[in-house]
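These numbers were taken from a predicted model, which means no experiment stands behind them.
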Amino acid sequence: YDDKHNTLVTRKNSFKLDENGYYSIYWYGPGSDGEKGVYRCDSFYDVFRSAIQVMEGKEPIIPLKEYKNKKILVYATASGLMDLKTTPFSSTSEPYPGGEIHATLLDNLLNGIAVKKVPKKIIILISLFFSFFLSHAYITRRLAFSLSIAAFFSVSIVLASFYLFNKYLLQMIYIFPVLVIVFTSAASAMYKALTEGLEKKQIKDMFSRYLHEDAINILMENPDTVDL
């Protein structure tokens with residue numbers, strides 16, 4: 001383990017760990033459950049019985065060719081061992097065996113598959129950009145237009161995170177930027193509504209004695225056109 005670079009080093013490869021020293025596993029599918037599992041799992045009884053049959057000169061229930069040039073992990077699994085875990089492809093009712101978690105990790109390491117994370121600094125910078133841009137839009141543009149821009153940004157950041165993961169195995173936490181967009185939109189929309197209401201009231205009080213109501217309504221809809 002290279003503590004300076006936060007990297008796990010083997011004879012042939014090196015694997016970058018996150019800031020907490022963890023390695024994010026890339027999951028291929030559900031655990032062993034009949035034909036649904038990613039990896040083949042044979043019970044110890046069947047393996048032991050096949051070995052006895054080979055020693056007796058009989059045809060084993062598990063042919064020897066099934067294990068030829070294969071990497072084999074021997075593990076025990078039981079609820080009492082507390083090694084049944086939940087994964088993105090499993091649930092508490094069908095937990096993932098601990099031995100297959102090790103098999104998945106070994107598969108990742110042997111094939112050089114690593115899930116990388118977008119640095120927090122970049123996520124913060126993206127969030128700040130959205131915040132400043134939307135704040136300016138809410139102040140200078142109409143509310144409907146600004147809300148549509150906020151919705152577009154929210155959907156775009158979610159779709160971008162899925163694309164980066166599916167294409168490059170790059171994990172981006174999109175919750176923070178989306179929350180920044182939501183809170184910025186709420187605060188800016190509230191500020192816009194309060195300031196616009198105050199401007200309209202001032203215009204109405206100022207011109208109500210001199211202009212027709214229709215002209216006042218036009219000025220209230222476009223307060224920036226008022227030139228004193």
Side-chain angles (χ1 to χ4, degrees), residues 1-10 12-31 36-39 84-92 94-98 100-141 143-192:
Y1 174 69
D2 184 355
D3 183 60
K4 183 177 180 181
H5 299 92
N6 206 26
T7 304
L8 181 65
V9 182
T10 63
K12 297 182 179 180
N13 299 309
S14 60
F15 306 94
K16 186 70 176 177
L17 307 180
D18 62 17
E19 62 274 9
N20 297 317
Y22 293 110
Y23 181 86
S24 297
I25 298 177
Y26 177 76
W27 304 95
Y28 302 99
K36 298 180 181 179
V38 174
Y39 301 104
L84 300 176
K85 309 297 182 180
T86 56
T87 72
F89 290 94
S90 65
S91 60
T92 54
E94 295 180 353
Y96 205 89
E100 291 187 49
I101 295 177
H102 294 159
T104 305
L105 178 58
L106 178 63
D107 194 334
N108 284 188
L109 298 179
L110 291 176
N111 292 288
I113 297 175
V115 177
K116 301 177 182 179
K117 294 184 178 181
V118 176
K120 291 182 178 179
K121 293 181 180 179
I122 295 180
I123 295 178
I124 292 174
L125 288 176
I126 293 174
S127 302
L128 289 175
F129 168 77
F130 286 153
S131 180
F132 288 123
F133 184 87
L134 287 174
S135 298
H136 181 266
Y138 276 104
I139 294 174
T140 59
R141 302 289 182 175
L143 183 60
F145 176 81
S146 302
L147 287 174
S148 63
I149 292 296
F152 173 77
F153 280 161
S154 299
V155 174
S156 297
I157 197 72
V158 173
L159 293 178
S161 69
F162 281 101
Y163 174 79
L164 290 174
F165 185 80
N166 291 329
K167 188 71 175 179
Y168 304 104
L169 289 182
L170 192 59
Q171 186 180 24
M172 181 175 67
I173 302 176
Y174 60 84
I175 296 298
F176 183 72
V178 171
L179 288 177
V180 168
I181 292 173
V182 171
F183 287 122
T184 300
S185 299
S188 300
M190 186 177 299
Y191 173 79
K192 180 82 169 182

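Atom CG of residue L106 and atom CG of residue L110 lie 4.0 Å apart, to the nearest 0.5 angstrom. R141 contributes atom CZ, which lies 11.0 Å from atom OG of S148 (distance to the nearest 0.5 angstrom). Taking NE2 from H102 and OH from Y39, the interatomic distance works out to 12.5 Å, rounded to the nearest 0.5 Å. Atom-to-atom distance recorded for F162:CZ and Q171:CD is 11.0 Å, nearest 0.5 angstrom. Within the model, atoms OG of S156 and CZ of F130 stand 7.0 Å from one another, a figure rounded to the nearest 0.5 Å. Residue I149 holds its CD1 atom at 10.5 Å from OG of S185, rounded to the nearest 0.5 Å.
Shortest non-hydrogen contact noted between I181 and L134 is CG2-CD1, 3.7 Å. Among all heavy-atom pairs drawn from T184 and S135, the shortest one is CG2-OG, 3.5 Å. Of all heavy-atom pairs spanning S127 and V180, the tightest one is O-CG1, 3.5 Å. Residue Y23 comes nearest to A114 through the heavy atom pair OH-CA, 3.6 Å, listed as atom of the first residue, atom of the second, then distance. A pairwise comparison of heavy atoms in P177 and I157 identifies CB-CG1, 4.2 Å as the closest pair.
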For a quick test of your reading: what N or O donor-acceptor pairs under 3.5 Å do the side chains of residues 24-31 make, sequence neighbours left out?
{"residue": "Y28", "atom": "OH", "partner": "D107", "partner atom": "OD1", "Å": "3.4"}
{"residue": "Y28", "atom": "OH", "partner": "N108", "partner atom": "ND2", "Å": "2.8"}

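Checked by atom type and distance alone, the side chain of S146 pairs as donor or acceptor with a backbone atom of A137 at under 3.5 Å.
Looking at heavy atoms from C-beta onward, T104 lies out of side-chain contact with V38 at the 4.5 angstrom threshold. Looking at L147 and Y138, their side chains come closer than 4.5 Å, going by heavy atoms from C-beta outward. Residues I122 and I126 are in side-chain contact: their nearest non-hydrogen atoms beyond the backbone lie under 4.5 Å apart.
Aromatic ring pairs are classed by plane angle as parallel below 30°, tilted from 30° to 60° and perpendicular above 60°; the pair Y168 and Y163 is perpendicular.
Within 6.0 Å of the NZ atom in K120, the count of heavy atoms belonging to other residues, nucleotides or ligands does not exceed 12.
Applying the side chain to side chain donor-acceptor pair (under 3.5 Å) criterion to T87, with sequence neighbours excluded, gives S90.
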